[in-house]
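Just so it is clear, the values below take in all heavy atoms, side chains as well, and ignore hydrogens, waters and symmetry mates.
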Amino acid sequence: MINYDKIFQISESHSNRPFRGKIENFDFAEPEISRGEKDLTEIVPVKHTMGGKTLYDFIWTTNAFPLIVSKRVIELFKSNAITGWKTYDVKVYSKKDELIDEKYFGLIITGRCGYRDYSTSSIVMDTIGVTTEPHLKGHYFKDDFWDGSDLFMSNPDEKGESTMYRFCSERVVQLFEKEKVQNIVFKEATELTMSISSYEIELYEIVLTEKQKIEIEKLKTSR
């Protein structure tokens, strides 16, 4: 049985200060590359597109899928035997389109867990903007599957569809906090919420249990 209190989702800080990159060739930014499902042999140019000129340990991109990490992060992975990853080569360019003499890598996550099991989440009321509505709380894995890697992503679901949620073990969180790795945020899997209204038809008809449906209706009528 997985202890989900020690599972975390990796997210960006959404600060405007850090350097944000862009990969202009979309073939080099496909999600399958970051998931380790498609090989990449070329060196990928990452150009400044937003934010300041300061480089942090993590460079997030406007392409959404690629995640670029510093040499220091890779050395921390190696020296602490962090599992579930590999890399591809990149070159990072400044606002002036000049090659930056700091080594970075594209991060590939090879560890795996089960796709999201909506039926195991609890039902809570949460607010998006000015709207309060029922949400699923807790991101749990189908068949309680996780291969034990420190860095991991979900397997494709029954329809063959994949997500780009990146997860890590508590060991990674503790390591990054100790080493003050910047421009990254960790969210506990048990605290993650998702609005039901966005997926209401599919969730109601296919995914949610009768118990969850009853709880949703109770929350709606109690508002």
Side-chain angles (χ1 to χ4, degrees), residues 1-14 18-21 23 28-41 44 46 55-61 63-90 92 102-117 138-157 161-192 194:
M1 181 69 180
I2 297 173
N3 183 352
Y4 288 93
D5 289 331
K6 296 187 177 182
I7 298 294
F8 296 81
Q9 186 186 98
I10 298 171
S11 303
E12 59 177 303
S13 63
H14 296 291
F19 180 111
R20 183 179 290 272
I23 297 174
F28 295 160
E30 294 177 343
E32 292 82 6
I33 294 171
S34 295
R35 287 177 55 86
E37 297 165 352
K38 182 176 181 179
D39 292 332
L40 182 64
T41 56
V44 177
V46 179
L55 291 170
Y56 291 85
D57 291 300
F58 278 74
I59 297 177
W60 299 85
T61 69
N63 303 84
F65 307 127
L67 180 55
I68 314 302
V69 300
S70 67
K71 181 180 179 180
R72 184 171 87 101
V73 168
I74 298 304
E75 289 174 343
L76 287 173
F77 286 168
K78 291 178 178 179
S79 61
N80 290 274
I82 298 300
T83 59
W85 62 276
K86 58 183 181 179
T87 64
Y88 58 90
D89 291 324
V90 303
V92 181
E102 292 184 45
K103 186 61 179 172
Y104 277 78
F105 298 87
L107 182 64
I108 298 169
I109 294 183
T110 59
R112 289 292 182 264
C113 63
Y115 59 86
R116 184 168 188 167
D117 184 354
H139 190 126
Y140 304 104
F141 310 142
K142 182 67 174 177
D143 299 325
D144 210 35
F145 171 71
W146 167 41
D147 66 7
S149 299
D150 291 302
L151 296 168
F152 54 101
M153 302 177 77
S154 64
N155 286 321
D157 63 18
E161 297 176 352
S162 303
T163 71
M164 286 303 295
Y165 293 129
R166 297 175 171 97
F167 297 96
C168 71
S169 65
E170 186 179 46
R171 214 158 67 91
V172 174
V173 177
Q174 292 173 342
L175 173 63
F176 280 13
E177 289 177 348
K178 176 184 176 184
E179 299 295 335
K180 295 180 172 57
V181 173
Q182 295 181 299
N183 201 25
I184 186 171
V185 172
F186 298 103
K187 300 178 180 179
E188 296 176 18
T190 54
E191 296 299 314
L192 295 171
M194 186 190 81

Quiz item: Would you call K38 and E30 a salt bridge, taking side-chain N to carboxylate O under 4.0 Å as the test?
Solution: yes
Item to check | pair L76-I82: side-chain heavy atoms closer than 4.5 Å | outcome: no
Exercise. Do I59 and V92 have side chains that get closer than 4.5 Å, going by heavy atoms?
Worked result: yes
Check whether any side-chain heavy atom of W146 lies under 4.5 Å from a side-chain heavy atom of F167, and answer yes or no. no
Discussion item. Donor-acceptor check, side chain of N183 to backbone of Y56, threshold 3.5 angstrom: yes or no?
Written reply: no
* Would Y165 and H139 satisfy ring pair (Phe, Tyr, Trp, His ring centres under 6.0 Å), going step by step from the backbone distance to the final call? -> CA-CA 10 Å; Y165 293 129; H139 190 126; 5.6 Å; yes
Residues P156 and R35: closest non-hydrogen pair is CD-NH2, 3.9 Å
Minimal heavy-atom distance between P66 and T61, with the atoms involved, is O-OG1, 3.2 Å
Should the pair W60 and F58 be assigned to parallel (<30°), tilted (30 to 60°) or perpendicular (>60°) ring geometry?
parallel
In this structure, CG of N80 is separated from CD of E179 (nearest 0.5 Å) by 7.0 Å
Query raised in the report: Hey, mind stepping through I10 and I184 against side chain to side chain contact (heavy atoms under 4.5 Å, CB included) and telling me if it holds?
Result: CA-CA 7 Å; I10 298 171; I184 186 171; 3.5 Å; yes
Kindly determine whether I7 and Y140 satisfy side chain to side chain contact (heavy atoms under 4.5 Å, CB included), including the steps that lead there. CA-CA 10 Å; I7 298 294; Y140 304 104; over 6 Å; no
Determine whether F186 and Q9 make a side-chain contact, defined as any pair of heavy atoms from C-beta on separated by less than 4.5 Å. no
task = Indicate yes or no: does R20 engage E12 in a salt bridge with an N to O separation below 4.0 Å.
result = yes
### Query
Does S34 reach the side chain of L67, with side-chain heavy atoms less than 4.5 Å apart?
no
K6 atom NZ: more than 12 heavy-atom contacts under 6.0 Å
no
Could you tell me if the side chain of R116 sits less than 4.5 Å from the side chain of M194, heavy atoms only? yes
Compute whether any side-chain donor of one residue and acceptor of the other, for Y115 and D143, lie under 3.5 angstrom apart. no
| task | Indicate yes or no for a side-chain donor-acceptor contact from T87 to the backbone of G106 under 3.5 Å, with no hydrogens or angles considered. | result | no
Of all heavy-atom pairs linking G148 and T83, the shortest is O-OG1, 4.3 Å
Value for CE (M153) from OG (S162), rounded to nearest 0.5 Å, stands at 8.0 Å
Value for OH (Y88) from CD1 (I33), rounded to nearest 0.5 Å, stands at 6.5 Å
query: F176 ring centre to K180 NZ or CZ under 6.0 Å, with the angle to the axis within 45°?
result: no
(Q) One pair to check against side chain to side chain contact (heavy atoms under 4.5 Å, CB included): V69 and Y104. What are the steps and the verdict? (A) CA-CA 6 Å; V69 300; Y104 277 78; 5.6 Å; no
Here the pair of heavy atoms bringing S154 nearest to T163 is OG-OG1, 3.4 Å
When rounded to the nearest 0.5 Å, the distance separating CH2 of W85 from CD1 of I108 is 10.5 Å
Discussion item. Does D89 form a side chain to side chain contact (heavy atoms under 4.5 Å, CB included) with V44? I'd like the steps, not just the answer.
Written reply: CA-CA 6 Å; D89 291 324; V44 177; over 6 Å; no
field: Close side-chain approach of I2 to F141, heavy-atom, < 4.5 Å
entry: yes
Does some side-chain heavy atom of E102 sit less than 4.5 Å from a side-chain heavy atom of K71? no
Between the CG atom in N155 and the CG atom in D147, the distance rounded to the nearest 0.5 Å is 8.5 Å
Next on the checklist: With a 6.0 Å cut-off (strictly less than), is the heavy-atom count around CG of D39, excluding the residue itself, greater than 12?
Outcome noted: no
Could you check whether any side-chain N or O of R112 sits under 3.5 Å from a backbone N or O of S149, counting only pairs where one atom can act as donor and the other as acceptor? no
In V90, L107, L55, the residue satisfying side-chain contact (heavy atoms from CB on, under 4.5 Å) with I68 is V90
message: Between D150 and V172 (side chain of the first, backbone of the second, donor and acceptor by atom type, cut-off under 3.5 Å), is there such a pair?
response: no
The reported gap from CZ in F8 to NZ in K187 (rounded to nearest 0.5 angstrom) is 13.5 Å
Of all heavy-atom pairs linking P31 and M164, the shortest is CB-SD, 3.7 Å
